[in-house]
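Position 1 is the first residue of the sequence; numbering continues from there.
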Amino acid sequence: AVELHGDLTQAQRLDSLDKFKAGEAQYMLATDLASRGLDIVGIETVINVNMPHTLASYIHRVGRTARAGRRGKSVTLVGEKERKMLKDVVKNGQASAVKSRVVPAPIVDRFRARIAAAEQDIKDLLRAEKEERALSSAEMHLAKAQNMLKHEKEIYSRPARTWFQSELERRGAKETDLTSRLGGGGSGSDQQSTKLSKRDKAAQKRKVLDPDEHKALMEQRFVGREAKRAKRGKRITQFPPERDDSASSSAQASGAGAPAKRKKKKAAVASFDKELTDTSSK
């Protein structure tokens, strides 16, 4: 048997695939890494140790067999928790091609005991693989350090990698391209039919304006805000003082012969928005 998963290097993955294709290994233990992009002739059976979480993942897994009109089988071990996913598979497939079989409990217990007996061997194997990966990484770093010491002068004498455009030239090219897209030539119908992408819209918002253009834009926004405020009703910011009827009647009785003095009208209390924008009284 060979294995195929993400912890292997590219060379190890290719070696596993070559052995499996050549028939040197009869079984391949793989993760979802092998569910897409592999077309290996001669795969007769795909065994799912657990049910995938989505129907699309299930289709990609079992699609490694029965390719190009060939025949193939798919066996999936399903528990009570995966019953809903199994119903979706049966619903979206051919019911006549799906066969179910209940595994007796004694058989499950027998294989569980075999797995438990091999647990220590599996741990030793995983530890050996971990040590092998650490040794390979150390050898790679050692080879890199030796290469640096051996060819140090040649490496440091190489010119620094530079882009064919500087950062300033790249910005200028972007602005020129944006200007040509927004209004640089072409008929009006062509300009209307051209739709800006999200990147162009964001670049248009970030475009730096001249001081005069910025000032005009601020004044335009201010006039717009003032028009909105004028449409709204004034807010009540202060209640008028309460009148004392007894005090006013006594004052009129005491000064009956004297001419009544005209009281100055108090200025109406302006709203908060009016005070901020009105500069005539300041």
Side-chain angles (χ1 to χ4, degrees), residues 1-137 139-140 197:
V2 293
E3 56 184 351
L4 183 64
H5 50 82
D7 291 336
L8 299 178
T9 62
Q10 187 68 17
Q12 291 173 335
R13 296 179 193 177
L14 295 176
D15 183 53
S16 298
L17 283 174
D18 292 339
K19 288 181 179 179
F20 189 62
K21 288 180 179 180
E24 298 179 14
Q26 295 182 351
Y27 299 94
M28 174 184 282
L29 305 177
T31 60
D32 280 334
L33 181 69
S35 63
R36 301 189 183 191
L38 293 181
D39 188 6
I40 303 175
V41 180
I43 297 179
E44 298 177 356
T45 307
V46 174
I47 301 175
N48 292 311
V49 179
N50 53 1
M51 176 66 80
H53 295 290
T54 61
L55 182 63
S57 299
Y58 176 82
I59 293 173
H60 283 296
R61 281 191 187 184
V62 302
R64 299 309 98 198
T65 185
R67 300 179 67 86
R70 300 184 182 93
R71 299 178 62 86
K73 298 178 184 178
S74 170
V75 180
T76 305
L77 302 179
V78 183
E80 287 295 330
K81 294 182 179 179
E82 294 93 359
R83 185 181 291 273
K84 183 177 181 298
M85 191 64 216
L86 177 61
K87 289 183 179 179
D88 293 340
V89 172
V90 176
K91 181 179 178 182
N92 290 273
Q94 297 180 2
S96 60
V98 179
K99 298 180 181 180
S100 62
R101 181 180 301 173
V102 179
V103 181
I107 296 179
V108 175
D109 294 337
R110 187 176 65 189
F111 279 95
R112 184 179 296 172
R114 291 178 61 181
I115 294 173
E119 185 175 0
Q120 187 60 39
D121 296 338
I122 294 173
K123 287 182 179 180
D124 295 339
L125 181 61
L126 292 176
R127 188 184 304 110
E129 289 181 352
K130 186 177 180 180
E131 293 174 356
E132 184 180 354
R133 287 196 299 268
L135 182 61
S136 300
S137 178
E139 290 177 353
M140 182 187 66
S197 62

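Residue Arg133 qualifies as enclosed at atom CZ: its count of foreign heavy atoms under 6.0 Å is above 12. Heavy atoms from other residues, nucleotides or ligands lying under 6.0 Å from CD of Gln26 number 12 at most.
Taking all atoms of both residues into account, the shortest heavy-atom contact from Phe20 to Ala25 is CD1-O, 3.4 Å. Between Glu82 and Met51 the shortest heavy-atom distance is CG-CB, 3.5 Å. Taking every heavy atom of both residues into account, Thr65 and Glu44 meet most closely at OG1-O, 3.4 Å.
Judged by distance alone, with hydrogens and angles left aside, the side-chain atoms of Glu131 form no donor-acceptor pair with the main-chain N or O of Ala128 at under 3.5 Å. Within the 3.5 Å criterion, the main-chain N or O of Glu3 finds a donor-acceptor partner in the side chain of Ser16. For Ser136 (side chain) and Glu132 (main-chain N/O), a donor-acceptor pair under 3.5 Å exists by modelled atom type. Looking only at distances, a side-chain donor or acceptor of Arg13 sits under 3.5 Å from a matching main-chain atom of Gly6. Of the possible donor and acceptor atoms, one in the side chain of Arg67 sits under 3.5 Å from a partner among the backbone N and O of Gly63.
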Please assess Asn92 against Leu55 for the test side chain to side chain contact (heavy atoms under 4.5 Å, CB included), listing each intermediate value before the final yes or no.
CA-CA 9 Å; Asn92 290 273; Leu55 182 63; 3.5 Å; yes
Test log, rule salt bridge (charged side-chain N to carboxylate O under 4.0 Å, His left out), inputs Asp88 and Lys91
CA-CA 5 Å; Asp88 293 340; Lys91 181 179 178 182; over 6 Å; no
Could you go through the side chain to side chain contact (heavy atoms under 4.5 Å, CB included) check for Val2 and Tyr27 one step at a time?
CA-CA 6 Å; Val2 293; Tyr27 299 94; over 6 Å; no
Val41 vs Lys21, side chain to side chain contact (heavy atoms under 4.5 Å, CB included): CA-CA, chis, key distance, verdict:
CA-CA 8 Å; Val41 180; Lys21 288 180 179 180; over 6 Å; no
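The side-chain contact (heavy atoms from CB on, under 4.5 Å) test with Ile122 is passed by exactly one of Leu125, Asp124, Leu126: Leu126.
Under the side-chain hydrogen bond (donor to acceptor under 3.5 Å, both in side chains) criterion, Arg83 pairs with Glu80, not counting sequence neighbours.
Sorted by first then second residue, the salt bridge (charged side-chain N to carboxylate O under 4.0 Å, His left out) pairs that include residues 53-64, not counting sequence neighbours, are Asp32-Arg61.
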